[in-house]
Amino acid sequence: MEGAITYASLRPHLGRSGGPMPKSAPADQAKVPTSEVYALLRAAIMSGDIAPDSRINIEAVSRTFGVSQTPVREALQRLEGDNLIVYTPGRGYSTTALLDLQGLRALFEFRLLVEPWAARAVAVDRLSNPGTRLIHEVENFLEAAAPDGDLRQDMVAHDARFHEMILTATGNPVIGQAYAQTHCHLHIFRLYPTDIGRAATVEEHRMIAHAIANADPETAEQVMSDHIKNSFGRFSRAFDVSAGSATLAHTKRPPVRLLR
């Protein structure tokens, strides 16, 4: 059944924004700054509070946030660019459906082609490679992480920053733009209502960061390849598939090397 955006679905995110959380609906609703509309809607979609394939009522969102419809429309346009929202004539805006297994596999096949190469390419010149920045990124995330907290939004942001730092360091804007347009971190994390594999992911990030910092291209390429395959295995559990049927095609082929 088609979902619909409600005050209840957005209310938890008003509290997370740092402002006052209202105790009831519109009569004493929180006034959310325009700059937060996009972030709050995005968080609600990512958490599943706004369900996949749900229609978005601009007027209702405007009332809930205590803003005009203009910033809401602007936020929805940004979310459309993230592929989290789609506009259909006659229906208006709605959230996109979740990835299916075929879509998840295609996304990770792309990542397996690009990211091991990128890790190898940047694991040179100890003085200029991004290894130290990557290590700091991992350490900063761990310092901010509460052991029992739901840090899904923070994990998405950390994961995106970590991988984008490596791709940016290759100096290849074409690959960077192609990667950015997949919005892969947003879509794979939508598959689960709670955090998944945080400890394993962070440990794999740490291994990648140290291999790059040590200017060890072979190890950097291998640990990144392992990380992508492991991540696919973790997220493919959303489809309740066996380990054998959820392997990536590239797992049986040698690492891909592209021209830098």
Side-chain angles (χ1 to χ4, degrees), residues 1-107 110 150 152-157 159-160 164 177-194 196 235 238-239:
M1 179 181 295
E2 184 182 86
I5 187 170
T6 65
Y7 182 83
S9 70
L10 294 173
R11 183 168 171 264
H13 300 284
L14 296 176
R16 292 175 203 166
S17 70
M21 182 186 292
K23 296 181 179 179
S24 59
D28 56 349
Q29 60 190 241
K31 297 295 183 180
V32 180
T34 299
S35 60
E36 291 189 19
V37 176
Y38 164 77
L40 290 170
L41 282 173
R42 179 177 176 272
I45 293 170
M46 290 294 298
S47 68
D49 288 331
I50 300 179
D53 199 27
S54 296
R55 292 184 65 181
I56 305 294
N57 185 309
I58 293 176
E59 184 178 354
V61 176
S62 176
R63 288 198 306 269
T64 299
F65 286 166
V67 297
S68 70
Q69 294 187 17
T70 298
V72 176
R73 292 181 186 278
E74 292 173 350
L76 292 175
Q77 289 171 359
R78 286 185 63 186
L79 291 164
E80 190 175 14
D82 293 339
N83 294 330
L84 292 175
I85 292 288
V86 62
Y87 178 80
T88 305
R91 186 179 185 222
Y93 288 101
S94 60
T95 52
T96 54
L98 294 178
L99 287 173
D100 58 14
L101 180 57
Q102 181 178 359
L104 182 72
R105 188 188 303 275
L107 189 59
F110 169 75
D150 181 5
R152 216 159 143 265
Q153 299 299 323
D154 296 318
M155 186 66 202
V156 173
D159 202 39
E164 287 168 6
Q177 290 171 10
Y179 183 86
Q181 288 172 0
T182 68
H183 303 286
C184 60
H185 297 89
L186 296 181
H187 295 290
I188 61 178
F189 276 90
R190 285 181 75 200
L191 291 173
Y192 280 87
T194 56
I196 178 173
F235 285 102
F239 304 98

Q. Looking at residues at least two apart in the chain, or sitting in another chain, which of them share a side chain to side chain contact (heavy atoms under 4.5 Å, CB included) with Gln69?
A.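 Side chain to side chain contact (heavy atoms under 4.5 Å, CB included) list for Gln69, sorted by chain: Ile58, Glu59, Ser62, Arg73.
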
Can you tell if the side chain of [X] reaches within under 4.5 Å of the side chain of [Y], non-hydrogen atoms only?
| X | Y | value |
| --- | --- | --- |
| Asp53 | Thr96 | no |
| Gln77 | Tyr38 | no |
| Val156 | Asp159 | no |
| Leu41 | Phe65 | yes |

Q.
Looking at every heavy atom in both Val37 and Pro71, which two are closest together, and how far apart are they?
A.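 Distance-wise, the nearest heavy atoms are CG1-O, 4.3 Å.
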
Q: Quick one: closest heavy-atom pair of Pro52 and Ala97, and the distance?
A: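 Scanning both residues completely, I find the closest heavy atoms to be CB-CA, 4.2 Å.
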
Interatomic distance, [X] atom [atom1] to [Y] atom [atom2] [nearest 0.5 angstrom]:
| X | Y | atom1 | atom2 | result |
| --- | --- | --- | --- | --- |
| Leu76 | Ser94 | CG | OG | 10.5 Å |
| Ile85 | Ile56 | CD1 | CD1 | 4.5 Å |
| Thr88 | Tyr93 | OG1 | OH | 10.5 Å |

Q. Sub-3.5 Å donor-acceptor pair from the side chain of Thr95 to the main-chain atoms of Ser54, do we have one?
A.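 Yes; at least one donor-acceptor contact below 3.5 Å.
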
**Q.** Donor-acceptor contact below 3.5 Å, side chain Arg42 vs main chain Leu79
**A.**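 Answer holds: no.
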
